[in-house]
Number of protein chains: 2
Amino acid sequence: MNALPVRALTAQAFAPFGEVLACEGAAHYPINEGTTERFDDLARIDAGPQGRVIVSIFRGQPRRFPLPITMMERHPLGSQAFMPLQGTPYLVVVAEPGTPSAVPGPLHAFLARGDQGVNYGPGVWHHPLIAMDQVSDFLVIDRRGTGHNCDEAPLPQAYLLAYPGAPA
Amino acid sequence: MNALPVRALTAQAFAPFGEVLACEGAAHYPINEGTTERFDDLARIDAGPQGRVIVSIFRGQPRRFPLPITMMERHPLGSQAFMPLQGTPYLVVVAEPGTPSAVPGPLHAFLARGDQGVNYGPGVWHHPLIAMDQVSDFLVIDRRGTGHNCDEAPLPQAYLLAYPGAPA
């Protein structure tokens, strides 16, 4: 299987796929008489005209590495954001939305720090949650509503995702 | 000043004010081939007809205790959720919405664990963020849009909030 290179997650590199939820680079200002700093409006949350925004917690089991990447999924009707709740790093694999019938690709893999969340734009292909070292909780902000909002696609060719820093 | 007693935060005790964001007691089911457990739809996120849901990070400075509680605020047009990002406990002071012109009260204070978020319902009086021991980040899910969405009210009588466990 081909190895999938892993890059550090940055807002710029992730821009084709959505937003990084983090303080760095965000517009911010003091509130509450200076006792709190607000890093404001970090993501385009989108539940579409027929949906509502819901909040859930995803508890991810740590994966075994190297991890074969054999499928991707996407939510055409709404965004989906993940924010780590225990400061644990995790891995993100994405591909641009493409056409409705397109095969997901090319794939991009990112290592997210424990203080970085991600928000996948509507239709952005992504791999299900990849926790690394321990059971990890994430706050998830996504959509509930009518309509078909989950596509799953097998990959014609599997990729191998190494533990970051491990030899490929 | 009168002391404000602090209770442990539970979904039941907090129900008049909104929801507790936590795994315990939530409906949950496995996803992603059993690698993740989804604790589903934990709060009533409400941005109203003229608003959109936004996500921000609030970075709270630790307060000094005992803390005088001299004012409250409310957001009549939308909900506001706080989820701790570093597992740090914090304090919540709330009062029921009451009438538009009503004085906030009676006050209720809760100690939230670091794995518990809170979602204030529209119009629920609450004190600005009260971090306790260290600088603490919270993911905040609230509303952006037209209309007046923040009332602040001084309290006719201040209350004193002790550090939980400290003698009142």
S.K.: Around A/Glu33, counting heavy atoms of other residues, nucleotides and ligands shown, do more than 12 lie under 6.0 Å from its CD?
M.R.: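 Atom CD in A/Glu33 is not crowded, with 12 or fewer foreign heavy atoms closer than 6.0 Å.
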S.K.: Which atoms of A/Ala26 are under 4.5 Å from chain B, going by heavy atoms: the side chain, the backbone, both sets, or neither?
M.R.: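 The answer is neither part of A/Ala26.
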S.K.: Rounded to the nearest 0.5 Å, what separates atom OG1 in A/Thr35 from atom CD in B/Gln61?
M.R.: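 Result: 8.0 Å between the selected atoms.
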S.K.: For A/Leu129, is it the side chain, the backbone, both, or neither that has a heavy atom closer than 4.5 Å to a heavy atom of chain B?
M.R.: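 Both parts, backbone and side chain.
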S.K.: In terms of hydrophobic clusters joined by side-chain contacts under 4.5 Å, are B/Phe39 and A/Ile54 together?
M.R.: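 No; tracing contacts between hydrophobic side chains, which count when under 4.5 Å, never links both residues.
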S.K.: So do the side chains of A/Asp40 and B/Arg144 get within less than 4.5 Å of each other, counting heavy atoms only?
M.R.: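 Side chain of A/Asp40 against side chain of B/Arg144, heavy atoms only: contact under 4.5 Å found.
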S.K.: Please tell me whether A/Leu111 and A/Leu161 are part of a single hydrophobic cluster in this structure, the criterion being side-chain heavy atoms less than 4.5 Å apart.
M.R.: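 Same cluster: A/Leu111 reaches A/Leu161 through Ile, Leu, Val, Met, Phe, Trp or Tyr contacts under 4.5 Å.
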S.K.: Does a side-chain N-to-carboxylate-O contact under 4.0 Å join B/Arg52 and A/Asp46?
M.R.: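 Between A/Asp46 and B/Arg52 there is no salt bridge, as every charged N stays at least 4.0 Å from the carboxylate O atoms.
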S.K.: Shared ILVMFWY cluster between A/Tyr159 and A/Met132, side chains joined below 4.5 angstrom?
M.R.: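 In one cluster: yes.
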S.K.: Can you tell me how far CE of A/Met83 sits from CD1 of B/Ile57, rounded to the nearest 0.5 angstrom?
M.R.: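 Interatomic distance, B/Ile57 CD1 to A/Met83 CE, rounded to 0.5 Å: 4.5 Å.
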S.K.: Could you tell me which portion of B/Arg44 (side chain, backbone, both or neither) has an atom closer than 4.5 angstrom to a non-hydrogen atom of chain A?
M.R.: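 Neither the backbone nor the side chain of B/Arg44 comes within 4.5 Å of chain A.
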S.K.: Check whether A/Phe65 and A/Val93 end up in the same hydrophobic cluster, where Ile, Leu, Val, Met, Phe, Trp and Tyr are linked by side-chain heavy atoms less than 4.5 Å apart.
M.R.: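 Yes; tracing contacts between hydrophobic side chains, which count when under 4.5 Å, links both residues.
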S.K.: Please flag which part of B/Ile130 lies under 4.5 Å from any non-hydrogen atom of chain A: side chain, backbone, both or neither.
M.R.: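 Contact with chain A: none, neither part.
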S.K.: Under 3.5 Å, side chain of B/Ser56 to main-chain N/O of A/Asp41, donor-acceptor pair present?
M.R.: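 Yes: the side chain of B/Ser56 pairs with the backbone of A/Asp41.
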S.K.: Sort out for me which of A/Ile141, A/Val135, A/Asp137 touches chain B most, counting heavy-atom pairs under 4.5 Å.
M.R.: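 Ranked by heavy-atom pairs under 4.5 Å with chain B, first place is A/Ile141.
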S.K.: Roughly how far, to the nearest 0.5 Å, is CZ of A/Arg59 from NE2 of B/His28?
M.R.: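 B/His28 atom NE2 to A/Arg59 atom CZ measures 9.0 Å (nearest 0.5 Å).
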S.K.: Between B/Arg38 and chain A, with a heavy-atom cut-off of 4.5 Å, which part of the residue counts as in contact: side chain, backbone, both or neither?
M.R.: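 B/Arg38 touches chain A through backbone and side-chain heavy atoms alike.
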S.K.: Count the heavy atoms belonging to other residues, nucleotides or ligands that lie under 6.0 Å from CD of A/Gln157, then report whether that count exceeds 12.
M.R.: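 Buried by this count: over 12 neighbours within 6.0 Å.
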S.K.: Chain A heavy atoms under 4.5 Å from B/Pro62: which part of the residue, side chain, backbone, both or neither?
M.R.: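 Contact with chain A: none, neither part.
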S.K.: Does any heavy atom of chain A fall under 4.5 Å from the side chain of B/Asn119, the backbone, both, or neither of them?
M.R.: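 For B/Asn119, no heavy atom lies under 4.5 Å from chain A.
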S.K.: Heavy-atom cut-off 4.5 Å, strictly under: side chain, backbone, both or neither for B/Leu42 against chain A?
M.R.: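 Both backbone and side chain.
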S.K.: Is B/Val124 linked to B/Val118 within one hydrophobic cluster, defined over Ile, Leu, Val, Met, Phe, Trp and Tyr using a side-chain heavy-atom separation of less than 4.5 Å?
M.R.: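 Yes, B/Val124 and B/Val118 fall within the same hydrophobic cluster.
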S.K.: Under 4.5 Å heavy-atom distance to chain B, tell me which part of A/Asp115 shows up: side chain, backbone, both or neither.
M.R.: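 No part of it gets close to chain B.
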S.K.: Using a cut-off of under 4.5 Å for heavy-atom pairs, which of A/Val140, A/Leu21, A/Asp142, A/Ile31 has the most such pairs with chain B?
M.R.: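 Maximum pair count with chain B is reached by A/Asp142.
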S.K.: Side chain of A/Thr36, backbone of B/Phe58: donor and acceptor closer than 3.5 Å?
M.R.: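 Not at all, since once roles are kept as given, no pair shorter than 3.5 Å links the two residues.
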S.K.: Heavy atoms only: give me the nearest B/Pro84-A/Leu85 pair and the separation to one decimal.
M.R.: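 Nearest heavy atoms, B/Pro84 then A/Leu85: O-CD2, 3.8 Å.
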S.K.: Where is the tightest heavy-atom contact between A/Val53 and B/Ile45, given as atom of each residue plus distance?
M.R.: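 Smallest interatomic distance, heavy atoms only, reads O-CB, 3.7 Å.
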